Amino acid sequence: MSVRITEVEAYNGPDDPASHAFTRTPRSEIMYGPPNRLYVYQIHTHHCANVVTSPEGQGSAVLIRAGAVIDGVQAARDRRGGVAEHLLARGPGNLTRALGITKADLDTDLLDPVGVHLLPADPASDPTAGGHVIAGPRVGVRLAADRPWRFWIDGEPSVSAYRRHPRA
DNA sequence: GTTTAGATCAACT
DNA sequence: GTTGATCTAAACG
């Protein structure tokens, strides 16, 4: 199955207190590794998927927050239950559940077309091609809550709502 | 000191 | 009823 990514958040290295890479530990080491690899972490009872985006040693990654399911809706529904289609991969926890991403996929090379991977958008069949990308503060982060490092496609129903952290 | 499991709660649907 | 770069505490190395 495949989803069209509609919402992401950027997390930087040592200068971003909201990032797991803020402190360099064995867990965050993957963020300091080569780019285009998958970083998965657990929160509550969910998983969240990130793409390492920086050259080795820099520690930047992008959290995939939401997507629109463009293929394999039935497979997503099997994992997510009978929710509305635009909600199948809305929110980082829902997205990983819809795609079936777990920690078993940690460190996957996302340019390798085996298993979970990234593909460029197809302008011919992509309804959001040319869509407006808007930036704003990240969702639910307590630290560095005002950095406008969340990016989403304007008007996409699959984009999650903004919630500021109560103690931010 | 770091990681993981489990809880928690305010804003969301 | 759900969701979640939170929070705390116990387990780990």
Side-chain angles (χ1 to χ4, degrees), chain A residues 1 3-54 57-69 73 75-108 110 116 118 133-168:
Chain A
M1 61 168 296
V3 302
R4 188 160 44 76
I5 296 172
T6 55
E7 179 193 2
V8 298
E9 280 175 3
Y11 287 88
N12 205 15
D15 73 321
D16 182 5
S19 175
H20 289 174
F22 185 64
T23 51
R24 188 165 179 167
T25 66
R27 182 179 67 155
S28 62
E29 194 59 30
I30 178 171
M31 292 179 68
Y32 285 93
N36 301 309
R37 301 235 277 225
L38 187 68
Y39 169 49
V40 181
Y41 69 91
Q42 265 184 317
I43 185 169
H44 295 71
T45 54
H46 307 110
H47 296 270
C48 292
N50 305 252
V51 181
V52 179
T53 52
S54 55
Q58 202 165 311
S60 299
V62 163
L63 168 68
I64 313 297
R65 276 201 60 88
V69 179
V73 172
R77 244 189 246 290
D78 290 345
R79 300 193 187 96
R80 287 274 294 125
V83 298
E85 188 165 331
H86 69 281
L87 298 178
L88 283 172
R90 182 189 208 183
N94 288 333
L95 180 135
T96 53
R97 212 164 77 191
L99 286 168
I101 292 176
T102 67
K103 277 165 92 177
D105 301 299
L106 187 60
D107 209 25
T108 299
L110 295 170
V116 56
L118 289 168
V133 174
I134 306 193
R138 295 173 289 189
V139 173
V141 299
R142 189 167 79 84
L143 303 165
D146 294 316
R147 292 194 195 183
W149 285 359
R150 170 176 177 243
F151 304 90
W152 68 95
I153 296 171
D154 190 19
E156 263 290 323
S158 59
V159 174
S160 53
Y162 175 64
R163 298 196 308 274
R164 189 177 180 86
H165 192 284
R167 293 172 56 183

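Just so we're clear, the structure is a prediction, and the values are computed from it rather than from any experiment. Each chain gets a letter, A, B and so on, in the order its sequence line appears, and its residues count up from 1.
Each of dA5(C), dT8(B), dC12(B) was ranked by its minimum atom distance to the side chain of A161(A); first place goes to dC12(B). In the set dT13(B), dC7(C), dG4(C), the nucleotide with an atom closest to the side chain of R142(A) is dC7(C). The side chain of R163(A) sits closest to dG4(C) out of dG4(C), dA5(C), dC7(C). Set against dT13(B), dT3(C), dA5(C), the side chain of Y11(A) has dA5(C) as its closest nucleotide. Taking only side-chain atoms of V141(A), from C-beta outward, the nucleotide of dC7(C), dA11(B), dA5(C) with the closest atom is dA5(C).
Just one of R90(A), R138(A), E9(A) meets the side-chain contact (heavy atoms from CB on, under 4.5 Å) condition when paired with R65(A); it is E9(A). The only member of L110(A), L99(A), V40(A) that meets side-chain contact (heavy atoms from CB on, under 4.5 Å) when paired with V116(A) is L110(A). Applying side-chain hydrogen bond (donor to acceptor under 3.5 Å, both in side chains) to S60(A) and the options T53(A), N12(A), N50(A) leaves one that passes, N12(A).
A 4.5 Å side-chain heavy-atom check between L63(A) and V8(A) finds every atom pair outside the cut-off.
In this structure, H20(A) places its NE2 atom 14 Å from P of dT2(B), rounding to the nearest Å. Between the P atom of dT3(C) and the CD atom of E7(A) lies a distance of 15 Å, rounded to the nearest Å. Per the geometry, CE belonging to M31(A) stands 16 Å off C1' belonging to dT2(B), to the nearest Å. Rounding to whole angstrom units, NE2 of residue H46(A) and P of dA7(B) are separated by 14 Å. Rounded to a whole Å, the OH atom of Y162(A) is 16 Å from the P atom of dG4(C).
Between S158(A) and E7(A), the side chains place no donor N or O within less than 3.5 Å of an acceptor N or O (distance only, hydrogens not considered).
Formation of a donor-acceptor pair under 3.5 Å by the H44(A) side chain with backbone atoms of H46(A) is not found in this model. With hydrogens and angles ignored, the 3.5 Å screen pairs no side-chain donor or acceptor of R37(A) with any backbone N or O of T108(A). A side-chain donor-acceptor contact under 3.5 Å links R79(A) to the backbone of A98(A). When atom types are taken as modelled, the side chain of S28(A) and the backbone of T25(A) share a donor-acceptor pair closer than 3.5 angstrom.
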>> Pair Y41(A), H47(A) - check ring pair (Phe, Tyr, Trp, His ring centres under 6.0 Å), show working.
In response: CA-CA 6 Å; Y41(A) 69 91; H47(A) 296 270; 9.0 Å; no
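Contacts of F22(A) with the nucleic acid, taken as non-hydrogen atoms under 4.0 Å apart, are absent. As judged by a 4.0 angstrom heavy-atom cut-off over every strand, L143(A) is placed among residues making no nucleic acid contact. As judged by a 4.0 angstrom heavy-atom cut-off over every strand, R90(A) is placed among residues touching the sugar-phosphate backbone only. Using a 4.0 Å heavy-atom criterion, one finds that R167(A) contacts the sugar-phosphate atoms exclusively. Residue N50(A) is classed as a base contact, given a heavy-atom separation below 4.0 Å to a base.
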Between protein and nucleotides 3-5 of chain B, what N or O pairs are separated by less than 3.5 Å?
unit_1, atom_1, unit_2, atom_2, d
dT3(B), OP1, T25(A), OG1, 2.8
dT3(B), OP1, P26(A), N, 3.2
dT3(B), OP1, R27(A), N, 2.5
dT3(B), OP2, T25(A), OG1, 2.9
dA5(B), OP2, Q42(A), OE1, 2.9

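Residue ring and nucleobase are stacked for Y41(A) and dA5(C), with a centre distance beneath 5.5 angstrom and an angle between planes beneath 30°.
At the phosphate of dA5(C), OP1 or OP2 sits under 4.0 Å from a side-chain N or O atom of R65(A). For the pair N94(A) and dT2(C), the criterion of a side-chain N or O lying under 4.0 Å from OP1 or OP2 is not met. Residue H44(A) has no polar side-chain atom (N or O) positioned under 4.0 Å from OP1 or OP2 of dT3(C).
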> Can you give the dot-bracket line for DNA chain B, where a pair is Watson-Crick or G-U wobble with both atom distances under 3.5 Å, crossing pairs use [ ], and | marks a partner on another strand?
Replying inline: |||||||.||||.
